[in-house]
Amino acid sequence: MLIGVHRLIYDVVYRIPHGKVATYGQVAALAGLPQRARLVGYALAAAGGPEDLPWHRVVNAKGEISPRSDPDGHEDLQRRLLENEGVVFDRKGRLSLPAYRWNPQSPRNR
DNA sequence: TCGCTGACCCAGG
DNA sequence: CCCTGGGCCAGCG
């Protein structure tokens with residue numbers, strides 16, 4: 001990690017728009033770290049949830065909030081934050097990826 | 001240096 | 001839908 005994989009990951013997470021979500025694998029790919037979805041999870045766990053990092057917009061490939069091992073991992077908080085942004089969950093606690101997945105195609109993103 | 005342990009993902013059966 | 005197996009990697013004893 002010449003420049004810190006965590007930083008690369010956070011840079012991508014910061015760009016996920018309000019009301020949209022990205023999967024762990026998607027974030028990894030956008031960060032230039034294909035095949036390293038797990039690393040994204042570890043990075044977010046290590047982040048501790050800074051006020052300015054939209055960590056709650058990262059969900060797993062099934063459209064669910066990934067279960068934490070840490071009992072204080074704030075899974076419910078993540079769901080509340082998303083619902084607060086207009087994201088709707090179904091009975092099984094899943095959201096529609098086709099509807100909410102972030103599609104980073106705007107060239108002028110900085 | 002080794003071993004273990006995770007906010008994951010995907011193809012198969 | 002469930003389960004398996006393989007791929008991924010940093011941090012801490």
Side-chain angles (χ1 to χ4, degrees):
Chain A
M1 64 179 136
L2 265 58
I3 55 185
V5 295
H6 283 195
R7 203 193 86 97
L8 290 175
I9 291 168
Y10 299 149
D11 283 345
V12 171
V13 175
Y14 274 119
R15 291 164 47 200
I16 306 173
H18 179 282
K20 288 290 180 180
V21 301
T23 65
Y24 294 91
Q26 185 184 355
V27 171
L30 290 171
L33 304 167
Q35 307 299 304
R36 277 171 266 186
R38 298 189 87 173
L39 194 52
V40 175
Y42 308 147
L44 292 183
E51 188 62 35
D52 55 321
L53 183 69
W55 56 273
H56 61 282
R57 299 187 186 135
V58 183
V59 298
N60 65 31
K62 291 176 285 197
E64 310 174 310
I65 288 170
S66 279
R68 314 286 200 273
S69 55
D70 179 6
D72 199 34
H74 304 120
E75 297 171 44
D76 44 307
L77 171 60
Q78 179 170 5
R79 174 166 175 159
R80 282 204 306 281
L81 290 172
L82 285 175
E83 291 179 321
N84 199 46
E85 298 184 357
V87 175
V88 177
F89 288 81
D90 67 17
R91 189 165 47 230
K92 296 167 187 166
R94 300 195 308 195
L95 55 80
S96 169
L97 281 177
Y100 300 112
R101 188 197 283 276
W102 173 40
N103 204 315
Q105 47 197 120
S106 311
R108 202 84 68 247
N109 244 359
R110 289 196 108 270

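In what follows, chains are A, B, ... by sequence order, proteins preceding strands, each numbered from 1.
Contacts between residues 27-36 of chain A and DNA chain C, counted as heavy-atom distances below 4.0 Å, involve A:Gln35, A:Arg36. Interface residues of residues 85-93 of chain A facing DNA chain B, ordered by number: none; criterion, heavy-atom separation under 4.0 Å.
Applying salt bridge (Lys or Arg N to Asp or Glu O under 4.0 Å) to A:Glu85 and the options A:Lys20, A:Arg79, A:Arg57, A:Arg80 leaves one that passes, A:Arg57.
For the atom pair A:Gln78 CD and A:Ile65 CD1, the distance stands at 4.5 Å (nearest 0.5 Å). Atoms CH2 and CZ, from A:Trp102 and A:Arg15 in turn, are 4.5 Å apart once rounded to the nearest 0.5 Å. Of the inter-residue distances, the one linking A:Leu53 atom CG with A:Ile16 atom CD1 reads 8.5 Å to the nearest 0.5 angstrom. Once rounded to the nearest 0.5 Å, the distance linking CZ of A:Arg7 with CG of A:Asp11 reads 4.5 Å. A:His56 NE2 to A:Leu44 CG: the interatomic distance, rounded to the nearest 0.5 Å, is 11.5 Å. Taking CG from A:Leu39 and NE2 from A:His6, the interatomic distance works out to 5.5 Å, rounded to the nearest 0.5 Å.
Per the geometry, CG belonging to A:Leu8 stands 12 Å off P belonging to C:dA10, to the nearest Å. Per the geometry, CD belonging to A:Glu75 stands 14 Å off C1' belonging to B:dG6, to the nearest Å.
When atom types are taken as modelled, the side chain of A:Tyr14 and the backbone of A:Asp52 share no donor-acceptor pair closer than 3.5 angstrom.
At a threshold of 4.0 angstrom between heavy atoms, the contacts of A:Arg94 are confined to the sugar-phosphate backbone, with no base atom among them.
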Pair A:Glu64, A:Val59 - check side chain to side chain contact (heavy atoms under 4.5 Å, CB included), show working. CA-CA 6 Å; A:Glu64 310 174 310; A:Val59 298; over 6 Å; no
Steps toward side chain to side chain contact (heavy atoms under 4.5 Å, CB included) verdict (A:Val5, A:Tyr42): CA-CA 11 Å; A:Val5 295; A:Tyr42 308 147; over 6 Å; no
Using the 3.5 Å cut-off, write out each protein N or O paired with an N or O of nucleotides 8-13 of chain B and the distance between them.
unit_1: B:dC8; atom_1: N4; unit_2: A:Arg38; atom_2: NE; d: 3.4
unit_1: B:dC8; atom_1: N4; unit_2: A:Arg38; atom_2: NH1; d: 3.4
unit_1: B:dC9; atom_1: OP1; unit_2: A:Tyr24; atom_2: N; d: 3.4
unit_1: B:dC9; atom_1: OP1; unit_2: A:Ala61; atom_2: N; d: 3.1
unit_1: B:dC9; atom_1: OP2; unit_2: A:Ala61; atom_2: N; d: 2.9

